[in-house]
Amino acid sequence: MAVTKVCKGLISTSLVFLSLMAMQVNGAPLSMVAGADVPKSKVLLMATLNNGPAMQPVTWTVYRLQNGKAIYDRSVNLHSANIELKPGFYRADVTLDGANVSRFADY
């Protein structure tokens with residue numbers, strides 16, 4: 001019986017998965033004018049269980065990685081979300097039922 005409880009815990013931890021997909025936002029070309037906005041990427045955050053959408057709220061915490069530090073960017077409490085990020089290196093942490101998974105991405 002103890003083995004079953006341990007296995008269930010390991011299964012729930014291993015099945016929490018996140019997918020980060022970036023698509024460049026369509027917009028005007030970046031001009032050489034000082035202060036021009038840097039184009040952002042659209043990013044899809046999606047938590048899955050058993051190869052399908054989790055369909056239950058998870059907590060996403062997104063950090064921008066800069067100079068060896070993780071700088072908090074935002075939190076989202078949905079199984080999936082579309083967000084926009086400036087170019088850079090990021091870490092996304094997702095939490096569901098006490099299980100945590102982190103993924104890194106470059107946009």
Side-chain angles (χ1 to χ4, degrees):
M1 175 104 64
V3 173
T4 304
K5 288 182 182 179
V6 171
C7 288
K8 285 182 182 177
L10 292 174
I11 289 169
S12 65
T13 301
S14 65
L15 292 179
V16 177
F17 176 76
L18 65 96
S19 174
L20 300 176
M21 295 180 282
M23 293 185 341
Q24 193 64 33
V25 175
N26 293 331
L30 183 63
S31 65
M32 298 306 287
V33 178
D37 289 334
V38 176
K40 295 182 178 180
S41 293
K42 285 187 178 180
V43 178
L44 171 64
L45 304 173
M46 181 180 290
T48 61
L49 293 170
N50 298 323
N51 296 320
M55 299 306 288
Q56 55 185 304
V58 299
T59 301
W60 295 92
T61 308
V62 179
Y63 299 91
R64 181 177 174 84
L65 304 177
Q66 191 170 348
N67 298 325
K69 296 180 182 177
I71 302 165
Y72 174 81
D73 189 274
R74 71 189 77 191
S75 289
V76 179
N77 291 312
L78 299 166
H79 82 278
S80 64
N82 286 303
I83 62 174
E84 290 186 359
L85 298 173
K86 294 179 183 177
F89 295 96
Y90 290 87
R91 182 183 86 215
D93 298 340
V94 64
T95 304
L96 173 64
D97 296 332
N100 300 306
V101 175
S102 295
R103 294 289 188 266
F104 297 87
D106 174 18
Y107 298 107

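Listed by chain and residue number, Met55, His79 satisfy the side-chain contact (heavy atoms from CB on, under 4.5 Å) test with Pro53 (two or more places apart in sequence, or in another chain). The side-chain contact (heavy atoms from CB on, under 4.5 Å) test applied to Gln56 returns Leu49, Ala54, Leu96, Asp97, not counting sequence neighbours. For Asp73, the side-chain contact (heavy atoms from CB on, under 4.5 Å) partners two or more places apart in sequence, or in a different chain, are Val62, Leu85, Tyr90. Not counting sequence neighbours, the partners of Leu65 by the side-chain contact (heavy atoms from CB on, under 4.5 Å) test are Ala70, Phe89, Arg91, Phe104. Every side-chain hydrogen bond (donor to acceptor under 3.5 Å, both in side chains) that Asn77 has, sequence neighbours left out, goes to Thr59.
The hydrophobic side chain of Ile71 is isolated, with no ILVMFWY side chain under 4.5 Å apart from it.
In terms of heavy atoms, Pro39 sits closest to Pro87 at O-CD, 3.3 Å. Contact detail for Ile83 and Val76: the closest heavy-atom pair is CG2-CG2, 4.5 Å. Contact between Ala47 and Val94 at its shortest, heavy atoms only, is CB-CG2, 4.4 Å.
Cluster membership check: Tyr63 does not share its hydrophobic cluster with Val101, using side-chain heavy-atom separations under 4.5 Å among Ile, Leu, Val, Met, Phe, Trp and Tyr.
With Trp60 contributing its side chain and Ala92 its backbone, the two residues share no donor-acceptor pair below 3.5 Å. Side chain of Arg64 to main chain of Lys69: no donor-acceptor pair is present (N/O by atom type, distance under 3.5 Å, no hydrogens or angles).
One finds the OG1 atom of Thr61 at 12.0 Å from the CZ atom of Arg74 (value rounded to the nearest 0.5 Å).
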